[in-house]
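Reviewing the structure listed below.
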Amino acid sequence: VISSLLAMQTTGGDEAVAKKLEDSQNRIRSIALIHEQLYRSTELEHIGARAYLETLTSQLVQSFGAGNVTLELEVDGAMTLDIDQSMACGLIVNELVTNALKYAFPDGRRGTIRVALREGPDGERLLEVKDDGRGMEAPRNGPSQSLGMSLIATLARQLRGRFELDGTSGTR
């Protein structure tokens, strides 16, 4: 319902505002997917990480009409996330994949976005989103203060993790 209301606001208005509302719609969809997965699950405390991330990333590629982009997903089929982890992880993936779809492959250039979620021997998990696109320049005035990057850093801290960015040889 919220996503539909935002969609109604995007018609006939300012292009910049419409883009921001579209970004918000994608964030809302990533949260809605968690609830959808939980409703389908027999276990209400955890969702399957692979199915969730597969649905989320494919919906993003489809919403951007990015037929020039190949999506690769590397997630253990048995890995689960609790509700808080899935919410934070989904929003992080939403932001990073959206950025790659918007900026990594200009002028219809072909490319690949890879999303991996692995568990190390110590139980720590590593979420990695990388593309083979044009890369990213370092911000001139310190770290980027965009809403997306701020959101990623905040969510990483909530997961007791850290956010690292490498803009050489694509973006990772």
Side-chain angles (χ1 to χ4, degrees), residues 1-7 9-10 16-41 46-76 79-106 111-118 125-133 136 143-167 170-172:
V1 170
I2 295 168
S3 186
S4 295
L5 290 171
L6 290 174
Q9 292 290 309
T10 62
V17 172
K19 294 238 182 252
K20 289 181 181 195
L21 289 171
E22 187 177 309
D23 288 346
S24 293
Q25 282 180 278
N26 286 333
R27 290 177 183 120
I28 291 166
R29 274 191 215 110
S30 72
I31 294 168
L33 276 174
I34 295 164
H35 294 280
E36 216 174 279
Q37 297 273 335
L38 288 171
Y39 288 130
R40 291 181 186 169
S41 173
H46 292 85
I47 66 169
R50 180 171 184 80
Y52 172 57
L53 292 176
E54 193 166 39
T55 304
L56 174 62
T57 55
S58 63
Q59 280 188 358
L60 285 169
V61 170
Q62 184 179 8
S63 76
F64 277 87
N68 58 318
V69 176
T70 302
L71 187 64
E72 295 178 356
L73 191 66
E74 180 190 318
V75 180
D76 176 2
M79 184 183 291
T80 62
L81 299 169
D82 67 30
I83 295 169
D84 292 334
Q85 291 169 333
S86 57
M87 191 81 63
C89 185
L91 286 169
I92 290 170
V93 168
N94 180 78
E95 294 302 315
L96 294 173
V97 170
T98 295
N99 281 347
L101 290 167
K102 283 182 177 179
Y103 306 115
F105 310 107
T112 302
I113 299 172
R114 187 169 168 273
V115 177
L117 180 59
R118 296 182 288 278
R125 292 179 173 178
L126 171 69
L127 172 64
E128 180 180 58
V129 178
K130 72 181 196 177
D131 65 65
D132 60 0
M136 210 175 137
S144 172
Q145 294 303 313
S146 72
L147 174 62
M149 290 299 170
S150 296
L151 182 60
I152 292 166
T154 300
L155 292 166
R157 281 192 303 275
Q158 284 179 6
L159 291 169
R160 294 185 310 271
R162 64 187 182 281
F163 169 57
E164 297 175 5
L165 181 65
D166 179 2
T171 303
R172 180 175 128 325

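As a basis for the values below, the full set of heavy atoms in this structure was taken, side chains included, without hydrogen atoms, waters or symmetry mates.
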(message) Quick check for you: to the nearest 0.5 Å, what is the distance between Arg125 atom CZ and Gln85 atom CD?
(response) 5.5 Å
(request) Looking only at non-hydrogen atoms, find the nearest pair between Gly90 and Leu56 and report the distance. (result) O-CD2, 3.4 Å
(request) Indicate yes or no for a side-chain donor-acceptor contact from Asp132 to the backbone of Gly111 under 3.5 Å, with no hydrogens or angles considered. (result) no
(message) Rounded to the nearest 0.5 Å, what separates atom CG in Leu117 from atom CG in Leu126?
(response) 8.0 Å
(request) Indicate the atoms forming the closest heavy-atom contact of Leu73 with Arg50, along with that distance. (result) O-NH1, 3.5 Å
(message) What I'd like to find out is whether the side chain of Tyr52 reaches to under 4.5 Å of the side chain of Val75, using heavy atoms alone.
(response) no
(message) Quick one: does any side-chain atom of Thr171 pair with a main-chain N or O of Gly167 as donor and acceptor, under 3.5 Å?
(response) no
(message) Minimum heavy-atom separation for Glu95 and Gly148, please, with both atom names.
(response) OE1-CA, 3.2 Å
(message) I need the Leu159 CG to Leu127 CG distance, nearest 0.5 Å.
(response) 9.0 Å
(request) Flag yes if more than 12 heavy atoms outside Arg172 fall under 6.0 Å of its CZ atom; otherwise flag no. (result) no
(request) Locate the shortest heavy-atom distance separating Leu71 from Ser58; write the atom from each residue and the value. (result) CD2-N, 3.8 Å
(request) Can you see which heavy atom on Thr57 is nearest to which on Leu53, and at what distance? (result) OG1-O, 2.7 Å
(message) Restricting to non-hydrogen atoms, name the atom on Asp131 and the atom on Gly133 that form the minimum distance, rounded to 0.1 Å.
(response) OD1-N, 2.8 Å
(message) Is the shortest side-chain heavy-atom distance between Met149 and Asn99 below 4.5 Å?
(response) yes
(request) Can you tell me which residue pairs pass the side chain to side chain donor-acceptor pair (under 3.5 Å) test with a partner in residues 59-75, sequence neighbours excluded? (result) Glu74-Arg114, Glu74-Arg118
(message) Quick check for you: to the nearest 0.5 Å, what is the distance between Leu155 atom CG and Ser150 atom OG?
(response) 10.5 Å
(message) Measuring from atom CG of Leu101 to atom CG of Leu96, what distance do you get when rounded to the nearest 0.5 angstrom?
(response) 11.0 Å
